Amino acid sequence: MSGLNGLNDEQQAAVLHTEGPLLILAGAGSGKTRTITHRIAYLIDEKGVNPWNILAITFTNKAAQEMRDRVNKLVGYGADQIWVMTFHATCIRILRRNIHLLGFDEHFTVYDADDQKTVMKDVCKKLNIDTKRYKEKTLLNEISNAKDNLVGVQEYENSVMGDSTKAPYARCYREYQETLQRSNALDFDDIICMTVRLFKEYPEVLEKYQERFKYIHVDEYQDTNYAQFELVRLLAGKYRNLCVVGDDDQSIYKFRGANIRNILDFEMHYDDATVIKLEENYRSTGYILKCANAVIRNNIGRKDKTLRTEKADGEKVKFIQCENAYEEAETICSDVRRGVRDGGSYNDYAVLYRTNAQARIIEERFVTAGIPYNVVGGVNFYARAEIKDILAYLKTIDNGTDDVALRRIINIPKRGIGATSLGKVAEFAEIRDITLYEAMTRADEIPGLGKTAYKIKAFTDMIGSFRGYLDIKNVPEMIKHITEQIGYEEYLRDNDEESADDRIANIDELITKAVVYDEQKNAENEIADLTGFLEEVALVSDIDGANFEDGRVLLMTLHSAKGLEFPNVYIAGMEDGLFPGYMSVSSDSDDDLEEERRLAYVGITRAEEHLTLLCAKQRMLRGEMQYNAISRFVKEIPSEYLDGYIPKSRNSYIDRTDDRRLSGGYGDSYGSGYGDSYGAGYDRGSVSRSYDTGRKAGEAVGKATLKAKPYSLGLSGLKKGADTAASEPDYKVGDRVRHIKFGAGTVTAMVKETRDYKVTVDFDASGTKVMYAAFAKLVRC
DNA sequence: GCCGCCAGTATTTTT
DNA sequence: TACTGGCGGC
C-alpha cells in the first residue's frame with residue numbers, strides 16, 4: 001500500500017509532486033526517508049511508473065539499506081528493480097560496463113586512503129619531491145579537491161601555470177593519475193568523476209542511463225560535491241524528474257568537498273523547481289528542539305526554517321561542567337546506570353563526541369562499570385593490516401595490474417624479497433612499460449637478482465595456481481586456501497604473539513563476510529565472483545556493520561551519529577577548542593565555525609527525550625593539559641531551556657575558588673544521584689581534590705589505574721602553564737581595572753587561550769569589551 | 001634484509 | 001599522550 005495515510009500535508013505534497021525538479025528541505029527528524037519511500041511507492045503504484053526507471057541515491061550503505069528495506073515493505077511488486085544505492089555503488093555499476101571506453105579494464109580495483117598514500121609516496125620519490133615541504137596528505141588533498149571539482153590533470157596544469165609553488169602539485173597529479181591508470185585502479189574520487197567524464201565524452205552512454213532513470217532521488221543533498229552535483233544534473237538532464245532531499249543545517253562534510261551551495265542554490269540551478277519544507281519534527285521533545293533552534297539560529301546564510309513539534313516540552317536539556325574528563329566519563333556512566341536501573345535499556349543511550357580520542361576515557365569507565373558498549377568507527381575493519389594483506393592477495397589474483405596490492409604482499413609473509421630486489425624488478429618493468437607482476441614472471445631475465453629470482457618465480461607461480469582455483473572455489477574457500485598456503489597464521493604468531501589471536505579472528509570475520517556475500521549473490525541469482533566481492537568490500541565502512549540493537553550503549557563521533565536517533569544522548573566535551581574545534585575557532589573565516597555549529601545541531605537533534613551536554617574544566621589533549629572555556633554553543637542556548645548551572649562567563653582556570661557554586665548548582669538539580677559514586681570531597685572540587693577523585697577512580701578500576709598517571713602529569717603541566725605564561729595578568733574576575741582609553745571597569749570574564757588571556761571587561765563609561773590581556777594593558781585599581 | 005628506536009605529528013572522514 | 005614512519009645498526 002502506498003497510500004498517503006500517516007503523512008502530514010507537506011509530506012503529502014512532496015509525494016504527489018512527481019514531475020519536474022523538487023527540493024525537499026527536510027529538517028532533522030522530519031520524516032524524510034518516510035517521504036521519499038512513499039514517493040517511490042506512489043510513483044509505482046499510482047502513476048504506473050516502471051520500478052526499473054527509478055533511481056534513489058544515498059551517501060551511505062546504511063542509508064541505502066534502510067531505504068531499500070522500507071521501499072520493499074511499501075512496494076508490492078518490482079521493488080528489486082529499483083536502484084537504491086550509494087553514489088559510489090551507482091557509479092561503479094555504470095563503470096563496470098563502460099570503463100573500457102576510458103581505457104581501463106573492467107576488473108579495476110578501488111584504492112582507499114591507505115593505498116593512495118602508498119602511491120603518492122612512490123610518486124614523490126620518483127619525482128624527487130621533498131615530502132617535508134610537500135606532504136603526501138596535502139598533495140592528495142589538492143588532487144582530491146581538483147577531482148571533486150572535475151578539474152582534470154591537463155586543466156589543473158593550465159590553472160597553476162606560472163605559479164611555481166603549485167608546480168609540484170601538478171607534476172604529482174599527473175604522475176599519480178598515470179600510476180593509477182597503469183595499476184588499473186581508481187580512487188574514491190575517480191569513481192564519481194570518471195563517470196561524469198564517461199557521460200560527457202560518450203553522450204550515447206549518458207542517454208542510455210537518462211532513459212533508464214526517469215525518476216531520480218538524491219538523499220542528503222547538502223553533502224554533494226560539485227562532481228556529484230554534475231553527475232546528477234547529467235542523469236536528470238533529459239526528463240528533469242529530480243527530487244533532492246536535504247537539510248543545509250546538517251551539512252557537516254565540507255572538509256570532504258561537500259558544497260553547501262548545491263542545496264542553497266538548487267532553485268537557481270533549476271528555475272522551475274518546487275520547494276517543500278518539512279519542518280515538523282517527530283523525534284524530539286520541545287526543549288531539545290528549542291535548544292537546537294537556538295544554536296543553529298546563529299548561523300547566517302542558511303535557508304530559513306524552524307523545527308517545530310507537537311510533542312510536550314519534556315525535560316530540559318542538562319548541562320554539566322566537570323572537573324576533568326574522568327569525571328565527565330563517570331558522570332555519564334552513573335547516569336546511564338541509573339537510567340537502566342530504572343527500567344531503561346542500554347541501547348537507548350548514545351554518547352557523542354567531537355574526536356575519536358575522547359572515546360578512550362569513556363570506554364575505560366564503561367568497562368570498569370560493566371556497562372556494555374560499542375564504539376562505532378575508529379579504525380575501519382577493512383583498514384586493518386591483516387585484512388588488507390588478504391585483500392591484497394585477492395586483488396592480485398583478480399587484477400594482476402594492481403601494483404599497490406602486489407607490493408604489499410610481495411614479502412608478506414617474509415620470503416626474502418626486499419626493497420633492493422623489488423627496485424630492480426620495478427626498474428625492469430618501467431623500461432619495458434609492463435606491469436610489476438609481468439616483470440616478476442620474467443624474473444630470470446632481470447639482471448642482478450641472483451637467487452632472489454627463484455623466490456620471485458615461486459611467488460608468481462603461487463599466484464598463478466591461486467588463479468587456477470578461481471572457477472572452482474568460491475570467495476570464502478579462496479580466502480581459506482590462501483591463508484593456509486602462505487602460512488599466514490604462523491606469520492602472525494611469529495610477528496606478534498599477543499595480537500595474533502585477534503588478527504586471526506579478524507580473518508575469520510572476513511571469511512564470514514565472504515560467506516554472506518556468496519549466499520546473498522546466489523540467492524539473487526547473480527554471480528558471486530571475486531571482483532564483486534572486492535568491490536563490495538571497497539565500498540563498505542564500519543558504521544554499516546555497527547549493531548544497533550544488541551543492548552549496548554553506542555559511543556561515536558558526532559559525524560557518525562548523523563541520521564541516527566536515541567532516547568538518551570550525551571554530548572561530551574562541549575568546550576571551546578574541542579567543540580568547536582581549535583582550528584575553527586582560530587580560523588579567520590566564519591565558515592568553519594558555522595560547520596561546527598551545524599555539527600552541534602546534528603548532535604542535539606539526535607536526542608528524542610533526554611539530552612545531556614557535558615564539558616570538563618581541564619582536559620588532557622595530545623599529552624597537554626588544556627583549560628577550555630565552556631563551548632560557545634552551550635552559551636547560545638537560553639538558560640531557561642537548560643537544567644544545570646552555567647557559570648556566568650567565568651574561566652575555570654583563573655577562577656577556581658568558588659567551585660562550590662558549580663557543584664552546588666548541579667547538585668541541586670540532580671539530587672544525590674552522582675554523589676555515591678564519588679564519595680566525599682567531590683563537592684569541594686579544588687585542584688587537589690579532583691586529583692584525588694581521579695586517582696580514586698583509577699585505583700578502584702584496575703586497568704584505569706594506568707590512566708591516573710597521565711593525569712598527575714597533567715597537574716605538573718598545570719603548574720608549568722601558570723608559571724611560564726608570559727603575560728599572566730595580576731587581576732582576576734571581579735577585580736576593578738583601568739584601561740588607557742576606556743577608563744575604569746570590572747573584569748567579568750577571563751578565558752585562557754593558547755598565547756594569551758581573553759579578558760572581558762564591563763567598563764563604567766563604554767560598556768562591555770573583550771580584549772587580549774597583553775594588548776589591553778589593563779591595570780588593577 | 002630485518003628489526004628496533006627516536007622524532008614528528010596530531011579534527012571530523014558517509015565512499 | 002600515542003601512533004606512525006623513517007633511518008640506522010646488525
Side-chain angles (χ1 to χ4, degrees), chain A residues 57-64 85-92 110-114 116-118 121 131-132 135-137 141 144 148 186-192 219-220 222-225 227-228 250-258 352-358 360-361 376-380 382-383 385 411 414-422 452 455 495 535-544 556-564 573 577-585 587 592 595-596 598-599 602-603 619-626 706-707 709-711 713-714 717:
Chain A
I57 306 180
T58 65
F59 273 84
T60 65
N61 296 300
K62 194 172 167 293
M85 276 190 259
T86 64
F87 265 104
H88 294 264
T90 306
C91 288
I92 283 201
V110 178
Y111 279 178
D112 66 13
D114 250 33
Q116 287 180 281
K117 216 171 153 198
T118 310
K121 224 184 273 174
T131 51
K132 293 246 157 57
K135 302 226 172 65
E136 287 99 335
K137 226 177 85 187
N141 244 333
S144 174
D148 286 348
L186 303 185
D187 63 25
F188 281 125
D189 300 313
D190 284 332
I191 292 172
I192 309 292
D219 192 18
E220 305 279 17
Q222 77 281 354
D223 290 333
T224 51
N225 60 33
Q228 288 159 335
Q250 293 188 66
S251 164
I252 55 173
Y253 284 105
K254 191 182 119 201
F255 69 94
R256 285 203 51 126
L352 313 181
Y353 34 80
R354 179 66 236 269
T355 65
N356 278 122
Q358 290 170 256
R360 201 168 184 143
I361 290 176
V376 177
V379 186
N380 191 328
Y382 294 101
N411 207 24
K414 303 267 180 306
R415 41 176 80 88
I417 309 171
T420 320
S421 310
L422 192 60
T452 314
K455 296 175 184 164
N495 227 9
E535 165 187 319
E536 206 164 285
V537 154
L539 298 180
V540 162
S541 77
D542 251 13
I543 190 159
D544 302 313
M556 67 185 105
T557 61
L558 287 147
H559 283 90
S560 305
K562 193 163 100 172
L564 306 175
L578 182 62
F579 184 36
Y582 169 71
M583 294 293 246
S584 60
V585 176
S587 154
D592 294 336
E595 175 132 323
E596 296 275 309
R598 291 192 290 270
L599 192 55
V602 167
R619 179 186 301 272
M620 203 60 130
L621 216 65
R622 295 189 210 141
E624 224 183 323
M625 191 57 86
Q626 306 263 308
L706 288 169
K707 292 293 147 190
K709 201 177 157 203
Y711 185 61
L713 275 177

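These numbers were taken from a predicted model, which means no experiment stands behind them. In what follows, chains carry the letters A, B, and so on, assigned in the order in which the sequence lines appear, proteins first and then strands, with residues in each chain numbered from 1.
At least one side-chain nitrogen or oxygen of A:Thr557 sits closer than 4.0 Å to the OP1 or OP2 atom of B:dT13.
Looking at heavy-atom distances under 4.0 Å, A:Asn411 makes contact with sugar-phosphate atoms alone, never a base. Counting any heavy atom pair closer than 4.0 Å across all strands shown, A:Glu596 reaches a base atom. Within 4.0 Å (heavy atoms only), A:Thr58 reaches no atom of the nucleic acid at all. A:Tyr253 comes within contact range of at least one nucleobase, with a heavy-atom separation under 4.0 Å. A:Ala113 comes within 4.0 angstrom of nothing in the nucleic acid, heavy atoms only.
Between A:Asp148 and A:Arg256 there is no salt bridge, since no side-chain N of the basic residue sits under 4.0 Å from a carboxylate O of the acidic one.
The nearest whole Å value for the distance from the CD atom in A:Glu624 to the P atom in C:dT1 is 11 Å. Between the NZ atom of A:Lys121 and the P atom of C:dG6 there is a distance of 4 Å, rounded to whole Å. Taking atom OH of A:Tyr353 as the reference point, atom P of B:dT11 lies 15 Å away to the nearest angstrom. Between A:Asn141 atom CG and B:dT12 atom C1' there is a gap of 13 Å when expressed in whole angstrom units. One can place CG of A:Asn61 at 10 Å from P of B:dT14, the figure rounded to the nearest angstrom. Taking atom CZ of A:Arg354 as the reference point, atom P of B:dT13 lies 8 Å away to the nearest angstrom. Going from atom CG of A:Leu558 over to atom P of B:dT12 covers 11 Å, rounded to whole Å. Spacing between atom CG of A:Leu621 and atom C1' of C:dA2 amounts to 13 Å, rounded to whole angstrom units.
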> Given the rule in the side chain to side chain contact (heavy atoms under 4.5 Å, CB included) test, do A:Lys562 and A:Thr60 qualify, once you have shown the distances and angles that lead to the verdict?
Replying inline: CA-CA 11 Å; A:Lys562 193 163 100 172; A:Thr60 65; over 6 Å; no
>> Between A:Asn356 and A:Thr557, is the side chain to side chain contact (heavy atoms under 4.5 Å, CB included) condition met? List the steps.
In response: CA-CA 6 Å; A:Asn356 278 122; A:Thr557 61; 3.4 Å; yes
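Between A:His559 and A:Phe255, the distance from one ring center to the other falls under 6.0 angstrom.
Between the side chain of A:Arg256 and the base of B:dT15, a donor-acceptor pair under 3.5 Å is found.
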Pairs under 3.5 Å (N/O, protein and nucleotides 3-10 of chain B):
none

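Applying the side-chain hydrogen bond (donor to acceptor under 3.5 Å, both in side chains) rule to A:Asp112 yields the partners A:Lys388; only residues at least two apart in sequence or on another chain are considered. For A:Thr118, the side-chain hydrogen bond (donor to acceptor under 3.5 Å, both in side chains) criterion is met by no residue, not counting sequence neighbours.
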